[in-house]
**Student:** 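What follows is a structure written as structure tokens; I'll ask about it next.
Because the structure is a prediction, the values reported are computed rather than measured. Chain letters run A, B, ... following the sequence lines, proteins first and then strands; every chain starts at 1.
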Protein chains: 2
Amino acid sequence: MSYRPTAKTRARRKAQHESLLKTAVSIVARDGFQGLTISRLARETGIATGTVYKYFDSKAHLCAEVFRRATEREVEMVQAASFPEQPASCRQRLTDAVTIFAERAILGGQLAYALIAEPVAPAVEQERLIYRKAYAGIFEQLIEEGVKINEFPDQSPSVSAAALVGILAEVLVAPLGRGDAVTDQNQLIDPIREFCLRAIT
Amino acid sequence: MSYRPTAKTRARRKAQHESLLKTAVSIVARDGFQGLTISRLARETGIATGTVYKYFDSKAHLCAEVFRRATEREVEMVQAASFPEQPASCRQRLTDAVTIFAERAILGGQLAYALIAEPVAPAVEQERLIYRKAYAGIFEQLIEEGVKINEFPDQSPSVSAAALVGILAEVLVAPLGRGDAVTDQNQLIDPIREFCLRAIT
DNA sequence: TAAAGAAGTGAACCATGATTCACACCTATT
DNA sequence: AATAGGTGTGAATCATGGTTCACTTCTTTA
């Protein structure tokens with residue numbers, strides 16, 4: 001035997017992996033998953049198509065990682081709003097969570113659309129379910145807590161949580177797919193927030 | 001000139017068109033849009049693949065028609081529940097509409113999933129937007145009426161309507177994509193209905 | 001520096017499935 | 001019967017885009 005990957009080597013590999021992922025996310029942010037092809041990713045990264053396969057087993061794996069990556073931060077933000085450092089009422093936390101989600105989705109534009117609503121291959125869809133479940137999980141926990149301390153009326157936390165995800169997806173993100181420009185952010189966010197609060201409280 | 005299509009000829013053509021459409025819908029009901037290919041449609045109808053193109057300009061057109069066809073009845077049912085013959089309170093009508101939608105979606109299974117949630121080609125997605133808009137339109141009208149007579153609190157009918165569509169899509173249909181069997185229909189419908197009513201009233 | 005294990009290359013390959021097309025057959029008009 | 005549209009055929013063609021592979025180049029170790 002005469003070759004063993006060393007720290008430097010592994011670092012380079014990791015960096016390349018990272019670079020590919022970053023480029024991939026940026027492609028999705030620009031043109032959605034529809035725009036993400038192996039050859040384009042290779043071209044924009046400045047390598048050969050075959051090389052991509054040294055870093056990702058298949059396109060499905062690539063998409064899954066892109067999805068995870070692009071998603072993490074979003075879910076974290078909502079998580080943070082739902083379970084903040086300083087104590088706050090469930091009602092307030094729910095408001096904040098919905099607001100954060102909405103603001104980021106509107107800001108995110110194409111990326112938000114790609115993550116939530118864009119038609120994609122089943123393999124990616126699978127990943128999306130995980131993503132939606134992550135949101136639903138956060139909401140569910142929050143609602144459960146609210147119900148327990150009687151701040152919210154009795155309800156099925158899991159159904160209510162899924163419903164919230166559906167509301168946000170449909171009202172905020174779907175319009176992006178239609179290319180509807182969001183003229184006034186608050187004009188959209190306010191009614192959504194109110195709707196959600198009425199529904200839960 | 002020496003040939004003009006006659007009534008009998010046009011009838012035959014229409015019948016064939018109808019037969020193709022019916023077969024196509026049944027394929028979608030079984031295996032979703034994913035399962036709908038020109039060659040399979042031809043096979044199941046008992047004609048050659050090329051013949052399909054005598055009746056549909058392209059697959060996109062075919063899908064659009066399938067979508068429209070499968071959709072019509074569904075939207076009609078909800079429309080009927082929302083604006084019944086006998087007068088009823090907006091609240092009651094909303095309840096009925098949501099119930100009808102939910103029941104039919106659960107019954108419909110794969111078809112409901114295909115119409116609302118299955119990942120499809122952008123061209124079909126376009127058609128789906130029309131479909132969702134049809135539902136949203138019904139709800140919007142109903143909510144508007146309820147707000148006007150002060151049966152519902154003040155709110156943005158268009159946002160609330162879209163939200164309802166999102167709720168129904170996410171809570172009812174998305175699980176079908178996961179293959180979650182619906183064990184108890186009412187166990188799912190009841191909380192949804194309550195959620196929607198709380199949100200609107 | 002020779003050997004061995006990665007990484008990089010990119011054109012060829014493959015899979016899928018829509019679409020076409022040259023031709024045969026049918027149907028209405030004169 | 002001759003002619004002009006239609007309809008039906010299905011193998012061949014196209015398009016797209018993922019995936020492979022034989023080969024080269026780089027890195028590390030002995």
**Student:** Report the C-alpha distance between Glu127(A) and Arg68(A) in whole Å, list the side-chain angles of each, state the deciding distance to 0.1 Å, and finish with yes or no for salt bridge (charged side-chain N to carboxylate O under 4.0 Å, His left out).
**Tutor:** CA-CA 8 Å; Glu127(A) 207 63 26; Arg68(A) 239 172 280 144; 3.1 Å; yes
**Student:** For Val159(B), does its backbone N or O pair with a side-chain atom of Ser156(B) as donor and acceptor, under 3.5 Å?
**Tutor:**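 Confirmed, Ser156(B) side chain pairs with Val159(B) backbone.
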**Student:** Have a look at Thr9(A) and say if it touches a base, only the backbone sugar-phosphate, or nothing, with a 4.0 Å heavy-atom cut-off.
**Tutor:**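 Since only primed, P, OP1 and OP2 atoms lie under 4.0 Å of Thr9(A), the category is sugar-phosphate.
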**Student:** What is the separation between atom OH on Tyr53(A) and atom P on dG18(D), rounded to the nearest whole Å?
**Tutor:**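 So the two atoms are 6 Å apart, to the nearest Å.
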**Student:** Just how far, in rounded Å, is P of dG6(D) from NE2 of His17(B)?
**Tutor:**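 Atom-to-atom, His17(B) to dG6(D), this comes out as 17 Å.
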**Student:** Is Gln79(A) atom CD crowded by more than 12 heavy atoms from other residues, nucleotides or ligands, each under 6.0 Å away?
**Tutor:**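 Counting neighbours around CD of Gln79(A), more than 12 heavy atoms of other residues, nucleotides or ligands fall under 6.0 Å, so yes.
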**Student:** Taking CZ from Arg12(A) and C1' from dG5(C), how many angstroms apart are they, rounded to a whole number?
**Tutor:**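 In whole Å, dG5(C) C1' lies 15 Å from Arg12(A) CZ.
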**Student:** Which comes earlier along DNA chain C counting from the 5' end, the contact point of Asp57(B) or that of Val52(A), where each point is its nearest nucleotide?
**Tutor:**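 Final value for this comparison: Val52(A).
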**Student:** Expressed in angstrom and rounded to an integer, what is the separation of Lys8(A) atom NZ from dG5(C) atom P?
**Tutor:**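 Going from NZ in Lys8(A) over to P in dG5(C) covers 21 Å.
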**Student:** Do other residues, nucleotides or ligands put more than 12 heavy atoms under 6.0 Å from Gln34(B) CD?
**Tutor:**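 Not buried by this count: 12 neighbours or fewer within 6.0 Å.
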**Student:** Is any NZ, NE, NH1 or NH2 atom of the basic residue among Glu145(B) and Lys148(B) found under 4.0 Å from an Asp or Glu carboxylate oxygen of the other?
**Tutor:**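 No.
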**Student:** When rounded to the nearest 0.5 angstrom, what is the spacing between CD in Gln155(A) and CZ in Phe195(B)?
**Tutor:**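 So the gap between those two atoms works out to 7.0 Å.
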**Student:** To the nearest Å, give me how far apart CZ (Arg10(B)) and C1' (dA28(C)) are.
**Tutor:**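 The answer, rounded to whole Å, is 12 Å.
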**Student:** CG of Leu20(B) versus P of dT9(D): gap in Å, rounded?
**Tutor:**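 Computing the Leu20(B):CG to dT9(D):P distance gives 11 Å.
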**Student:** Taking atom CZ of Arg12(A) as the centre, does the number of heavy atoms from other residues, nucleotides or ligands within less than 6.0 Å exceed 12?
**Tutor:**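 No, not enclosed.
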**Student:** If you assign each of Ala48(A) and Leu36(B) to its closest nucleotide in DNA chain C, which residue comes earlier from the 5' end?
**Tutor:**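 Nearest nucleotide further toward 5': that of Ala48(A).
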**Student:** Please determine if a side-chain N or O atom of Tyr55(B) lies less than 4.0 Å away from the OP1 or OP2 oxygen of dG8(D).
**Tutor:**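 Yes, such a contact exists.
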**Student:** What does Thr6(A) touch in the nucleic acid at a heavy-atom separation under 4.0 angstrom: a base, only the sugar-phosphate, or nothing?
**Tutor:**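 Sugar-phosphate contact only.
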**Student:** dG6(D) P sits how many Å from Arg4(B) CZ, rounded?
**Tutor:**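 Rounding to the nearest Å, CZ of Arg4(B) and P of dG6(D) are 6 Å apart.
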**Student:** For dG6(D), does OP1 or OP2 lie under 4.0 Å from any side-chain N or O of Tyr3(B)?
**Tutor:**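 So the side-chain polar atoms of Tyr3(B) never come under 4.0 Å of the phosphate oxygens OP1 or OP2 of dG6(D).
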**Student:** Are any protein N/O atoms closer than 3.5 Å to N/O atoms in nucleotides 11-17 of chain D? If there are, list each pair with its distance.
**Tutor:**
residue, atom, partner, partner atom, Å
dA11(D), N6, Thr49(B), OG1, 3.4

**Student:** Just the rounded figure in Å: distance from P of dT19(D) to CG of Leu41(A).
**Tutor:**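 Leu41(A) atom CG is separated from dT19(D) atom P by 13 Å.
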**Student:** Think Arg13(A) has a side-chain N or O under 4.0 angstrom from the OP1 or OP2 of dA7(C)?
**Tutor:**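 So the side-chain polar atoms of Arg13(A) do come within 4.0 Å of the phosphate oxygens OP1 or OP2 of dA7(C), strictly under.
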